[in-house]
Visitor: 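Supplied in C-alpha cells, the structure appears directly below.
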Amino acid sequence: MEPQPVLTFRGTIKVADLGPTMGDRLAALRAYLQQSGAKPAGPPIVRYHTFGETETDFEIDVPVVKPVVGEGRIEAGELPGGPALTTWHVGAHDKLGEAYARIQSYLEEHGYEPGGPAREVYYWIDLGKEDDPSALGLSAGRTQLIQPVK
C-alpha cells in the first residue's frame, strides 16, 4: 500500500454506542470536508486500536486527495504504506468477524505478524449522501478488510 493522507476522528467510547457514534463522527467529517474544500479520495475507513467487552478506542479516517489541516477533534493524518493482506466481506456488517477470521488464519499459516490495526474500508457509505446515523454500522454492503503486516 502507498501512504494515504486522511482526516481522522479518534476516541474511546462504549461499544454499545458504536453505531450512533460512528454516524455522528462521519457526519462531522462530511461537514468538515465541505467546509474545508477537501476532496475525499475514497470511502471511509475504521480502525480499532483496542476493542474490549465494554469500550473501544476507534478511529474513523477519510482518505483525502491531498493533505489538509484538521480542526478541533478532526485531525490531519496519514495511513502508513507497506505490505498488507486483504479480504472482502459482502453482507451484514455484524458478520465481518468471518473476514477477520480469514485474515487471522492466513497470518498464522504463513508466519506474518500484524503491522498495526486492521482497516475496515466501508464501500457501502457514500460521503456525498446524508446517511441515517442510527443505521451506520448495521448496513449490509461491501467492506474491504486490510491488515498491514510486518
Side-chain angles (χ1 to χ4, degrees), residues 1-30 32-33 38-68 70 73-129 131 133-150:
M1 297 182 303
E2 294 297 320
Q4 174 64 57
V6 294
L7 285 171
T8 185
F9 197 139
R10 181 176 176 178
T12 300
I13 65 159
K14 293 182 186 304
V15 171
D17 297 336
L18 192 54
T21 300
M22 285 178 70
D24 292 346
R25 291 183 180 180
L26 272 171
L29 284 161
R30 181 184 291 117
Y32 190 71
L33 284 170
K39 302 290 183 226
I45 299 165
V46 168
R47 296 185 291 160
Y48 295 97
H49 297 277
T50 63
F51 202 102
E53 288 188 34
T54 59
E55 285 190 338
T56 180
D57 171 5
F58 84 108
E59 178 173 350
I60 298 179
D61 302 312
V62 175
V64 290
V65 172
K66 59 183 181 180
V68 61
R73 302 227 22 221
I74 297 173
E75 298 178 355
E78 182 177 85
L79 293 175
L85 303 174
T86 186
T87 190
W88 287 88
H89 171 74
V90 179
H93 191 71
D94 63 357
K95 300 289 187 193
L96 190 59
E98 296 167 8
Y100 275 100
R102 286 193 302 274
I103 291 283
Q104 185 61 38
S105 176
Y106 193 92
L107 287 169
E108 291 170 4
E109 288 175 22
H110 297 278
Y112 286 104
E113 291 182 41
R119 304 171 189 177
E120 296 177 6
V121 185
Y122 295 154
Y123 284 89
W124 45 270
I125 296 177
D126 182 353
L127 289 171
K129 177 180 140 202
D131 293 307
S134 65
L136 294 174
L138 305 174
S139 298
R142 291 184 332 134
T143 301
Q144 184 181 24
L145 183 62
I146 301 171
Q147 176 61 67
V149 294
K150 295 180 181 177

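Both backbone and side-chain heavy atoms feed into the values below; hydrogens, waters and symmetry mates do not.
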Visitor: So does V64 get a backbone contact from the side chain of Q4, meaning a donor-acceptor N/O pair under 3.5 Å?
Guide: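 Checking the backbone N and O of V64 against the side chain of Q4, a donor-acceptor pair under 3.5 Å is found.
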Visitor: Go through the structure and list residues passing side chain to side chain donor-acceptor pair (under 3.5 Å) with R102, not counting sequence neighbours.
Guide: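 Result, side chain to side chain donor-acceptor pair (under 3.5 Å) vs R102: T87.
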Visitor: Which atoms form the tightest heavy-atom contact between P40 and V65, and what is the distance?
Guide: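 Scanning both residues completely, I find the closest heavy atoms to be O-CG2, 3.9 Å.
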Visitor: Side chains of V62 and Y32: closer than 4.5 Å at any heavy-atom pair?
Guide: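 When only atoms from C-beta onward are counted, Y32 and V62 do not touch, as no gap falls below 4.5 Å.
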Visitor: About how many Å separate CE of M22 and CD1 of I60, when rounded to the nearest 0.5 Å?
Guide: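 Output value for this atom pair is 5.0 Å.
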Visitor: side-chain contact (heavy atoms from CB on, under 4.5 Å) between I13 and R25: does it pass, once the steps are laid out?
Guide: CA-CA 12 Å; I13 65 159; R25 291 183 180 180; 3.7 Å; yes
Visitor: With sequence neighbours left out, write down each residue that passes side-chain contact (heavy atoms from CB on, under 4.5 Å) with A101, or none if nothing qualifies.
Guide: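 If we apply the side-chain contact (heavy atoms from CB on, under 4.5 Å) test to A101, skipping adjacent residues, there are no hits.
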Visitor: Sequence neighbours left out, what passes side-chain contact (heavy atoms from CB on, under 4.5 Å) with P80? Give chain and number order.
Guide: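 Result, side-chain contact (heavy atoms from CB on, under 4.5 Å) vs P80: R119.
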Visitor: Which residues pass the side chain to side chain donor-acceptor pair (under 3.5 Å) test with T12, not counting sequence neighbours?
Guide: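 Side chain to side chain donor-acceptor pair (under 3.5 Å) check on T12 returns nothing, list empty.
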Visitor: Does R10 have any salt bridge (Lys or Arg N to Asp or Glu O under 4.0 Å) partners at least two apart in sequence or in another chain, and if so, which?
Guide: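 Listed in chain order: D57.
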Visitor: What residues, two or more places apart in sequence or in another chain, satisfy side chain to side chain donor-acceptor pair (under 3.5 Å) together with E78?
Guide: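 Counting only residues at least two positions away or on another chain, E78 forms no side chain to side chain donor-acceptor pair (under 3.5 Å).
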Visitor: Evaluate the side-chain proximity of P63 to L79: yes if any heavy-atom separation is below 4.5 Å, no if none is.
Guide: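 No. Closest side-chain heavy atoms not under 4.5 Å.
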Visitor: Can you sort out the partners of A76 under side-chain contact (heavy atoms from CB on, under 4.5 Å), two or more places apart, ordered by chain and number?
Guide: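 Counting only residues at least two positions away or on another chain, A76 forms no side-chain contact (heavy atoms from CB on, under 4.5 Å).
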Visitor: Is any side-chain heavy atom of Y123 closer than 4.5 Å to one of P43?
Guide: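 They are in contact (side-chain heavy atoms under 4.5 Å apart), so the answer is yes.
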Visitor: Would you call P114 and Q147 a side-chain contact if the rule is heavy atoms closer than 4.5 Å?
Guide: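 A side-chain contact exists here, since the closest heavy-atom pair is under 4.5 Å.
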Visitor: Among all residues two or more places apart in sequence or in another chain, which pass the salt bridge (Lys or Arg N to Asp or Glu O under 4.0 Å) test with E113?
Guide: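 With sequence neighbours excluded, E113 shows a salt bridge (Lys or Arg N to Asp or Glu O under 4.0 Å) to K150, given in chain and number order.
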Visitor: Write down the atom of P117, the atom of P148, and the distance for their closest heavy-atom approach.
Guide: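 So the minimum-distance heavy-atom pair works out to O-CD, 3.5 Å.
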Visitor: Under a 4.5 Å cut-off applied to non-hydrogen side-chain atoms, are L145 and H89 in contact?
Guide: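 With C-beta onward as the side chain, the pair stays apart.
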Visitor: Can you name the residues that form a side-chain contact (heavy atoms from CB on, under 4.5 Å) with Y106, not counting sequence neighbours?
Guide: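 By the side-chain contact (heavy atoms from CB on, under 4.5 Å) rule, Y106 matches L85, H110, Y112.
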Visitor: Calculate, to the nearest 0.5 Å, the distance between atoms OG1 and CZ belonging to T8 and R73 respectively.
Guide: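 So the gap between those two atoms works out to 10.5 Å.
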Visitor: Kindly give the heavy-atom pair with the smallest separation between G52 and V15, and that separation in Å.
Guide: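 The pair with the smallest heavy-atom distance is O-CG2, 3.6 Å.
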Visitor: Roughly how far apart are R30 CZ and L33 CG, rounded to 0.5 Å?
Guide: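 The distance works out to 9.0 Å.
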Visitor: Tell me, please, which residues at least two apart from E59 pass salt bridge (Lys or Arg N to Asp or Glu O under 4.0 Å).
Guide: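 So E59 forms a salt bridge (Lys or Arg N to Asp or Glu O under 4.0 Å) with R47.
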Visitor: Taking side chain to side chain donor-acceptor pair (under 3.5 Å) as the test, write out the residues that go with E120, two or more places apart.
Guide: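 Expected list: Y100, Y122.
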Visitor: When rounded to the nearest 0.5 angstrom, what distance separates CG in L29 from CG in D24?
Guide: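 It comes to 11.0 Å.
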Visitor: Atom NZ in K14, atom OG1 in T56: separation rounded to 0.5 Å?
Guide: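 Going from NZ on K14 over to OG1 on T56, the span is 13.0 Å.
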Visitor: Provide the closest heavy-atom pair for V149 versus A84 in the form atom of the first, atom of the second, distance.
Guide: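 That closest heavy-atom pairing would be CG2-N, 4.0 Å.
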Visitor: Enter the distance from D17:CG to T54:OG1 here, rounded to the nearest 0.5 Å.
Guide: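 Interatomic distance, D17 CG to T54 OG1, rounded to 0.5 Å: 11.0 Å.
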